[in-house]
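Remarks on the structure that follows.
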Amino acid sequence: MYDFDVLVLGSGPGGQKAAIAAAKLGRRVGVVERDNMIGGVCINTGTIPSKTLREAVLYLTGLSQREMYGQSYRVKDDITVADLAARTQHVIGREIDVIRNQLTRNRVSVLNGFGRFADPNTLTVTDGRGRESHASAAKVVIASGTRPARPSSVDFDERTIIDSDGIINLERVPRSMVVVGAGVIGIEYASMFAALGTKVTVVERRDRMLEFCDLEVIEALKYHLRDLAVTFRFGESVASVERYAEGAVAVLESGKKIAADTVMYSAGRQGTAPDLELSAAGLSADARGRLSVDEHFRTAVPHIYAVGDVIGFPALASTSMEQGRLAAHHACDEPVRAMPALQPIGIYTIPEISFIGRTEDDLTAESIPFEVGIARYRELARGQIIGDSYGMLKLLVAPEDGRLLGVHIFGTGATELVHIGQAVMGCNGTVDYLVDAVFNYPTLAEAYKVAALDAMNKMRHLSRLQ
Ligand SMILES: Cc1cc2nc3c(=O)[nH]c(=O)nc-3n(C[C@H](O)[C@H](O)[C@H](O)COP(=O)(O)OP(=O)(O)OC[C@H]3O[C@@H](n4cnc5c(N)ncnc54)[C@H](O)[C@@H]3O)c2cc1C
């Protein structure tokens, strides 16, 4: 009766995994995606370009080797945009190839074009030449993502005044940059450009940044970024941006003026749901262009699911993939388990941050007692070998039973290391497991044991006194 069992709108992490999961369950699956956007924001403008750029910056600047070889150490003196783009384009190309191959192998049809609802079971797909076709399906998964939010008062020109999508199209490495918004994306790019030698000013309306992270970790990050000549303007807002032939001036509401080669807005993202003619499907989006869903990722119309950034928080590639898989399983009447509440957060600043579980602030606010165990990379042989003297791993431990309540890591490999903590916490492991475990030596993973011993010693001291 329908062309497909499952039709997916968007091929980002959520859409891709939904399509593959449904195909693996033997369903006829189609994915609607614009010509040059296979892989979504994740592959083309977001996660993958930014993380590859970071890797290129770390390598070419030699930043991570300077503790060993001195502050003037560089792999390349004059790093150009072409140097950075070469690596980024290479990785994007490879990743698109991997995704196309996966879709083909699993017999998922890719319908090139922009999709909109014609009715609750049918999408109209308009290709790059304006030709229209229709595709119908029993179940639809919306994974259409978001785009950067652009204040209407700002005159973006894709060169001097840009948003995060514009970073990969910069013609040269700016000498100075104003980053508006100290969210994850803003601060990741601020740290990369600072590492390249750009004089970065971060303007943030709130008094703190990344307030969902451990305060001590964020203090350490700010210290490092200031060391790379980043200036923070917290509690300040940009009132207007003036564009000139040779750059721009950000005028703050306090009257301050900041001149820069480039101004990058990183002021949140807007959902793309309103572009989909939702009324034809009996749906509507919220003020931020997002859709609401139930615990099975079903929208108000039960055969239409929505996953990924278009449903809002946490809006990560990592979570979008899993939402896509779960939605597809539910749509295909497979038994599904709920998504675990315990999810890691990775922030790819330089240095990087990762955590899982609760922060000290969360626990204190809820009057939950905890003990802290800390390992510093400089006390680990691996930390000395790689020249990371600032990294640290912090465990938050429940004193009554030794359960891990949170793991917070700052420094080399943080986003990988956090998964050891995730596995222990996910299996209801305690600090005793980490105290007793033998780790490879010399590794950064050994930090878990050092921090566990630290927490254990503090708890023992307390119980001895009492
Ligand atoms: C700079 C940056 C860095 C990031 N870094 C990380 C990170 O390090 N780790 C992490 O986990 N997450 C990161 N993210 C977030 C991550 O990229 C998103 O969470 C993820 O891409 C969302 O996936 P999605 O499935 O919602 O679809 P998206 O990746 O947003 O893709 C949606 C796709 O739908 C298509 N589409 C939309 N409407 C239509 C339509 N009507 N017809 C056809 N196709 C349509 C679009 O063309 C697009 O390809 C980052 C994001 C940005 C911007």
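Just follow the structure's listing: the first ligand is 1, and inside any ligand the first atom is 1. Quick caveat, the model's predicted, so the values are computed rather than measured.
- Under a 4.0 Å heavy-atom criterion, Asp275 is not in contact with ligand 1.
- A side-chain hydrogen bond (donor to acceptor under 3.5 Å, both in side chains) with His134 holds for exactly one of Thr122, Thr124, Asp119; it is Thr124.
- Of the candidates Ser318, Pro13, Gly12, the one placing a heavy atom closest to atom 23 (O) of ligand 1 is Pro13.
- Annotation for ligand 1: atoms under 4.0 Å from non-hydrogen atoms of Ala315 are 15 (C), 19 (O).
- Those atoms of ligand 1 with a heavy atom of Gly308 less than 4.0 angstrom away are 26 (O).
- Remark: ligand 1 atoms within the under-4.0 Å shell around heavy atoms of Ala143 are 27 (O), 32 (C), 33 (C), 34 (O).
- When the options Gln323, Lys51, Arg269 are ranked by their closest heavy atom to atom 5 (N) of ligand 1, first place goes to Lys51.
- A salt bridge is defined here as a Lys NZ or Arg NE, NH1 or NH2 lying under 4.0 Å from an Asp or Glu carboxylate O, and Asp286 with Arg290 fails to meet this definition.
- Ion pairing between Glu211 and Arg206 holds under the 4.0 Å rule for side-chain N and carboxylate O.
- Any N or O atom pair closer than 3.5 Å counts here, and Gly10 shares no such pair with ligand 1.
- You'll find the side chain of Thr198 stays beyond 4.5 Å of the side chain of Thr262, heavy atoms only.
- Backbone and side-chain nitrogen or oxygen atoms of Gly14 are examined, and one is located within less than 3.5 angstrom of a nitrogen or oxygen of ligand 1.
- Checked by distance only, ligand 1 and Val41 come closer than 3.5 Å through their nitrogen or oxygen atoms.
- At a heavy-atom distance under 4.0 Å, only side-chain atoms of Ser50, from C-beta outward, approach ligand 1.
- Across Thr126, Thr47, Thr319, Thr415, heavy-atom proximity to atom 13 (C) of ligand 1 is greatest for Thr47.
- If you number the atoms of ligand 1 from 1 as listed, the ones under 4.0 Å from a heavy atom of Ser320 come out as 19 (O), 22 (C), 23 (O).
- Considering backbone and side-chain N/O of Arg34, one or more are found under 3.5 Å from N/O of ligand 1.
- The CD atom of Gln102 sits 5.0 Å away from the CD1 atom of Ile20 when rounded to the nearest 0.5 Å.
- Ligand 1 has no N or O atom lying under 3.5 Å from any N or O atom of Gly46, backbone or side chain.
- Looking at Gly115 next to ligand 1, an N or O pair under 3.5 Å apart turns up.
- Distances shorter than 4.0 angstrom occur between a heavy atom of Gly113 and an atom of ligand 1.
- Less than 4.0 angstrom separates some heavy atom of Tyr348 from each of these atoms of ligand 1: 8 (O).
- Under 4.0 Å is where a charged nitrogen must lie from a carboxylate oxygen, and between Glu33 and Arg100 no such pair does.
- Across Glu277, Met37, Glu33, heavy-atom proximity to atom 33 (C) of ligand 1 is greatest for Glu33.
- Below 4.0 Å from some heavy atom of Leu276 lie the following atoms of ligand 1, by number and element: 41 (N).
- Of the polar atoms of Cys42, at least one N or O is found under 3.5 Å from an N or O of ligand 1, judged by distance alone.
- The distance criterion of under 3.5 Å between nitrogen or oxygen atoms is not met by Tyr189 with respect to ligand 1.
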Show, in sequence, the C-alpha distance, side-chain angles and deciding distance for Met392 and Val217, and conclude whether the side chain to side chain contact (heavy atoms under 4.5 Å, CB included) test is met. CA-CA 9 Å; Met392 69 132 174; Val217 166; 3.7 Å; yes
